[in-house]
Protein chains: 2
Amino acid sequence: MQKETLSKNQKIILDYIEKVNEPTKAYSILHNVQKKGIKAPLQVYRALDRLVEIGKIHKIESRNAFVACKNSNCQISKATAFSICESCEEVSEISDHKLSKYLKTFQEKAGMKFNKYNLEFFGLCKKCSIK
Amino acid sequence: MQKETLSKNQKIILDYIEKVNEPTKAYSILHNVQKKGIKAPLQVYRALDRLVEIGKIHKIESRNAFVACKNSNCQISKATAFSICESCEEVSEISDHKLSKYLKTFQEKAGMKFNKYNLEFFGLCKKCSIK
DNA sequence: AACACTATGTAATAATATAACATTAAATAG
DNA sequence: CTATTTAATGTTATATTATTACATAGTGTT
Ligand SMILES: [Zn+2]
Ligand SMILES: [Zn+2]
Ligand SMILES: [Zn+2]
Ligand SMILES: [Zn+2]
């Protein structure tokens with residue numbers, strides 16, 4: 001799971017996502033890594049799929065965007081929570097032990113056994129609240 | 001917020017979503033309501049936007065699909081939780097008072113004030129667990 | 001060498017969603 | 001009841017997001 005075991009394209013895409021440090025869209029990634037030899041959407045999507053799978057990045061579903069994981073303990077993408085500012089679109093990954101414990105052990109009445117969750121909070125970040 | 005106050009297109013779209021009773025995609029809706037005179041994607045998306053806004057339906061972000069709200073107390077779409085079966089794609093809206101109370105009062109360390117959340121749990125439903 | 005498995009390259013296309021602009025219906029204020 | 005403004009509609013075109021299909025190449029195992 002270290003960066004060493006990633007393939008060439010996976011490394012390129014991950015490097016870019018880590019560098020921009022904000023939610024980034026697939027076609028924006030594509031445009032920005034074309035100088036590195038990546039030419040087609042599929043090359044990007046394949047790398048993204050794999051990076052999500054191994055937990056190096058996460059998809060912000062409500063934005064169709066990807067962010068690097070900041071949170072070494074988020075169990076390979078199986079338990080993710082984000083706060084999203086509806087004004088400036090800043091996204092940050094929430095790592096709150098009580099929250100993740102609560103959700104991991106949450107049991108629905110219907111008895112379904114969960115193995116994964118994704119939670120997105122929306123609001124105004126501090127900067128945008130002041131304005 | 002009753003069905004009476006909905007516009008013609010909104011009623012048509014909502015009726016269809018309530019009838020199919022499972023997550024439904026925008027273009028599937030379009031194909032199925034064309035006999036009612038709805039011809040273009042935009043007519044569907046506009047109605048969907050409004051219906052989401054007033055809480056009659058919800059968007060399942062991870063699936064780009066829409067479901068009717070089963071849950072009269074889910075505060076106009078501001079606090080939603082779903083369970084999603086990764087095998088049969090069955091989706092059901094979770095209404096668990098403790099969960100929603102916990103999430104509504106959740107405060108991030110960074111001090112961001114939330115006004116909305118969406119939570120999606122993934123797993124296997126009872127039927128699919130047996131197989 | 002044979003096999004399985006993962007990753008790549010490339011072109012075409014599918015699926016999802018919005019922009020722009022013209023028009024009509026409904027609500028409400030004077 | 002009429003001027004104003006607000007919400008909804010109709011239509012065409014286009015933008016954005018994502019996958020199918022097929023051919024090829026690397027990597028590790030037996
Ligand atoms: Zn993470
Ligand atoms: Zn902000
Ligand atoms: Zn609901
Ligand atoms: Zn199932």
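Within every chain, numbering begins at 1; the chains are lettered A, B, ... in the order of the sequence lines, protein sequences first and strands thereafter. Since we're looking at a predicted model, the values are computed, not measured. For the numbers below, each heavy atom of this structure counts, side chains included, while hydrogens, waters and symmetry mates do not.
- For the ring-ring contact (aromatic ring centres under 6.0 Å, His included) test, residues two or more places apart in sequence or in another chain that qualify with B:F82 are B:H58.
- The list of salt bridge (charged side-chain N to carboxylate O under 4.0 Å, His left out) pairs with a residue in residues 41-53 of chain A, not counting sequence neighbours, reads A:R50-A:E53.
- B:S100 places none of its side-chain heavy atoms less than 4.5 Å from the side chain of B:S95.
- Close approach of DNA chain D to chain B, defined as any atom under 4.0 Å from a non-hydrogen atom of the protein, starts and stops at D:dA8 to D:dT12.
- Residues from residues 19-41 of chain A with heavy atoms under 4.0 angstrom of DNA chain D, sorted by number: A:K25, A:Y27.
- Residue A:F106 is found in a hydrophobic cluster whose other members, listed by chain and number, are A:I94, A:L99, A:Y102, A:L103, A:M112, A:F114, A:Y117, A:L119, A:F121, B:I94, B:L99, B:Y102, B:L103, B:F106, B:M112, B:F114, B:Y117, B:L119, B:F121; membership requires side-chain heavy atoms under 4.5 Å apart, directly or through intermediates.
- Cluster annotation: A:I54 and A:I12 are assigned to the same hydrophobic cluster (Ile/Leu/Val/Met/Phe/Trp/Tyr, side-chain heavy-atom contacts under 4.5 Å, transitive).
- Every residue two or more places apart in sequence or in another chain was checked for a side chain to side chain donor-acceptor pair (under 3.5 Å) with A:E90, and none qualifies.
- From the 5' end on, the contacts that DNA chain C makes with chain A at under 4.0 Å to a non-hydrogen atom open and close at C:dA7 to C:dA11.
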Determine all donor-acceptor pairs shorter than 3.5 Å in which one atom belongs to a side chain in residues 21-33 of chain B; sequence neighbours excluded.
unit_1: B:N21; atom_1: OD1; unit_2: B:K70; atom_2: NZ; d: 3.3
unit_1: B:T24; atom_1: OG1; unit_2: B:E22; atom_2: O; d: 2.6
unit_1: B:K25; atom_1: NZ; unit_2: B:R63; atom_2: O; d: 3.2
unit_1: B:H31; atom_1: ND1; unit_2: B:Y27; atom_2: O; d: 3.0
unit_1: B:N32; atom_1: ND2; unit_2: B:Y16; atom_2: OH; d: 3.0
unit_1: B:N32; atom_1: ND2; unit_2: B:S28; atom_2: O; d: 2.7

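- Counting only residues at least two apart or in different chains, salt bridge (charged side-chain N to carboxylate O under 4.0 Å, His left out) contacts with residues 110-124 of chain A comprise A:K116-B:E86.
- In the helix from C:dA1-D:dT30 to C:dG30-D:dC1, the terminal helix axes, each the rotation mapping four pairs' C1' atoms onto the next four within five end pairs, subtend 40°, rounded to 10°.
- For A:I57, the side-chain contact (heavy atoms from CB on, under 4.5 Å) partners are A:L14, A:I17, A:L48, A:L51, A:V52, A:F66, not counting sequence neighbours.
- Counting heavy atoms from C-beta on, the side chains of A:S62 and B:N118 never come closer than 4.5 Å.
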Side chains of residues 36-43 of chain B: which donor-acceptor partners sit under 3.5 Å, not counting sequence neighbours?
unit_1: B:Q43; atom_1: OE1; unit_2: B:K39; atom_2: N; d: 2.8
unit_1: B:Q43; atom_1: OE1; unit_2: B:A40; atom_2: N; d: 2.9

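- No side-chain heavy atom of B:F122 sits under 4.5 Å from any side-chain heavy atom of B:S83.
- When each of B:R46 and B:N64 is assigned the nucleotide of DNA chain C bearing its nearest heavy atom, the one mapping closer to the 5' terminus is B:N64.
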